[in-house]
Structures are given as structure tokens and as C-alpha cells.
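Just the heavy atoms: all of them, side chains too, but no hydrogens, waters or symmetry mates, feed the values below.
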Amino acid sequence: QVQLVESGGGLVQPGGSLRLSCVASGFTFSNHAMSWYRQAPGKEREMVATITTGDRTNYADSVKGRFTISRDNAKSTLYLQMNSLKPEDTAVYYCKPVTRAYWGQGTQVTVSS
């Protein structure tokens with residue numbers, strides 16, 4: 001069955017960095033565009049970044065220039081490098097194939113001093 005396992009979240013101070021990972025299984029990872037989403041308390045889930053099968057990337061305006069999405073098809077793993085973190089980046093982060101309604105359990109990112 002399809003599994004998406006996110007990891008790498010944690011507590012970090014403003015201005016700090018984190019690298020999230022998402023290991024995918026149960027589908028052909030290399031054939032799918034992938035996205036990172038996030039959901040903050042009391043807010044709707046929002047798309048953060050997307051990467052196509054050809055490694056084209058797209059970012060939400062709020063993270064442009066600070067976050068970088070990448071993928072390793074050999075490891076069926078999606079990454080999100082997050083730099084210059086802000087308190088408003090606090091959320092649960094999820095990975096998802098663009099064209100499939102598969103969700104993992106998410107990983108919590110908290111940015112606070």
C-alpha cells in the first residue's frame with residue numbers, strides 16, 4: 001500500500017534551518033510530481049512547494065528564496081530544505097503526490113525563541 005513517511009521536523013529558533021524528508025513507497029515515485037504542504041493551527045492546509053518529474057520547481061510566495069524542494073528518485077525520497085525560518089512557518093508539514101490523494105502523518109515544525 002502507499003506510504004508517505006515525513007521526518008526531520010523539530011523546534012528551531014527564528015533564522016534557523018531544518019531539512020525535511022519524505023520517504024515514499026507503494027507507487028512509482030519517479031513518475032509523479034510531488035508537493036510539500038503545511039497546515040498551521042486554525043488554518044487551512046496550503047501548498048508550500050512542488051517539484052515535477054523533470055525537476056521543475058514552484059514555491060509559495062511566502063517561502064520563495066528561503067525553501068528549496070528536491071528529490072532523489074533512486075531513494076524515493078522528497079526533501080525540503082528550509083532556511084531563514086520564521087515563526088509563521090510553524091506548522092505540520094506533509095508531502096503528497098500532486099495527482100494522488102495520498103497523505104502521510106506529517107512532521108511538526110515549530111519556530112520559536
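Pro87 is listed as a side-chain neighbour of Pro14, based on a closest heavy-atom distance under 4.5 Å. Taking 4.5 Å as the limit, some side-chain heavy atom of Leu85 sits within range of a side-chain heavy atom of Leu18. Taking the side chain as every heavy atom from C-beta outward, Ser7 and Val5 never approach each other to under 4.5 Å. In this structure, Ser112 and Leu11 have side chains that are in contact, with non-hydrogen atoms separated by less than 4.5 Å.
Note on residues 89-104: pairs passing side-chain hydrogen bond (donor to acceptor under 3.5 Å, both in side chains), not counting sequence neighbours, are Arg38-Asp89, Arg38-Tyr93, Arg66-Asp89. Within the structure, disulfide (SG to SG under 2.5 Å) contacts touching residues 76-113 (residues at least two apart or in different chains) are Cys22-Cys95.
Residues Ser17 and Asn83 have side chains that bring a donor and an acceptor to within less than 3.5 angstrom of each other.
In the hydrophobic clustering of this structure, Phe27 groups with Trp36; members are Ile, Leu, Val, Met, Phe, Trp, Tyr whose side-chain heavy atoms approach within less than 4.5 Å, directly or through other members. Linking Ile, Leu, Val, Met, Phe, Trp and Tyr residues whenever their side-chain heavy atoms come within less than 4.5 Å places Leu78 and Tyr59 in a single cluster. Val23 is not connected to Val2 by any chain of hydrophobic side-chain contacts under 4.5 Å among Ile, Leu, Val, Met, Phe, Trp and Tyr, and they are in different clusters. When hydrophobic clusters are built by joining Ile, Leu, Val, Met, Phe, Trp and Tyr residues whose side-chain heavy atoms come closer than 4.5 Å, directly or via intermediates, Met82 is grouped together with Val12. Hydrophobic clustering of Ile, Leu, Val, Met, Phe, Trp and Tyr side chains at less than 4.5 Å, counting indirect connections, keeps Tyr79 apart from Met34.
The distance from atom CG of Leu20 to atom CD of Gln81, rounded to the nearest 0.5 Å, is 8.5 Å. In this structure, CZ on Phe29 lies 11.0 Å from CG on Asn31, to the nearest 0.5 angstrom. A distance of 12.5 Å separates CD in Gln3 from OG in Ser76, rounded to the nearest 0.5 Å. A distance of 12.0 Å separates CG of Asn73 from NZ of Lys75, quoted to the nearest 0.5 Å. Atom CD of Glu46 is separated from atom OH of Tyr37 by 10.5 Å, given to the nearest 0.5 angstrom.
One N or O on the side chain of Thr52 and one on the backbone of Gly54 form a donor-acceptor pair closer than 3.5 Å. Gln13 places no side-chain N or O within 3.5 Å of a backbone atom of Val111 that could act as its donor or acceptor partner. Of the possible donor and acceptor atoms, none in the side chain of Gln39 sits under 3.5 Å from a partner among the backbone N and O of Ala91.
A pairwise comparison of heavy atoms in Ser35 and Thr50 identifies OG-OG1, 2.7 Å as the closest pair.
When each of Asp55, Thr57, Thr77 is checked for a side chain to side chain contact (heavy atoms under 4.5 Å, CB included) with Arg71, only Asp55 meets the rule.
Environment of CD in Glu88: crowded, with over 12 heavy atoms of neighbouring residues, nucleotides or ligands closer than 6.0 Å.
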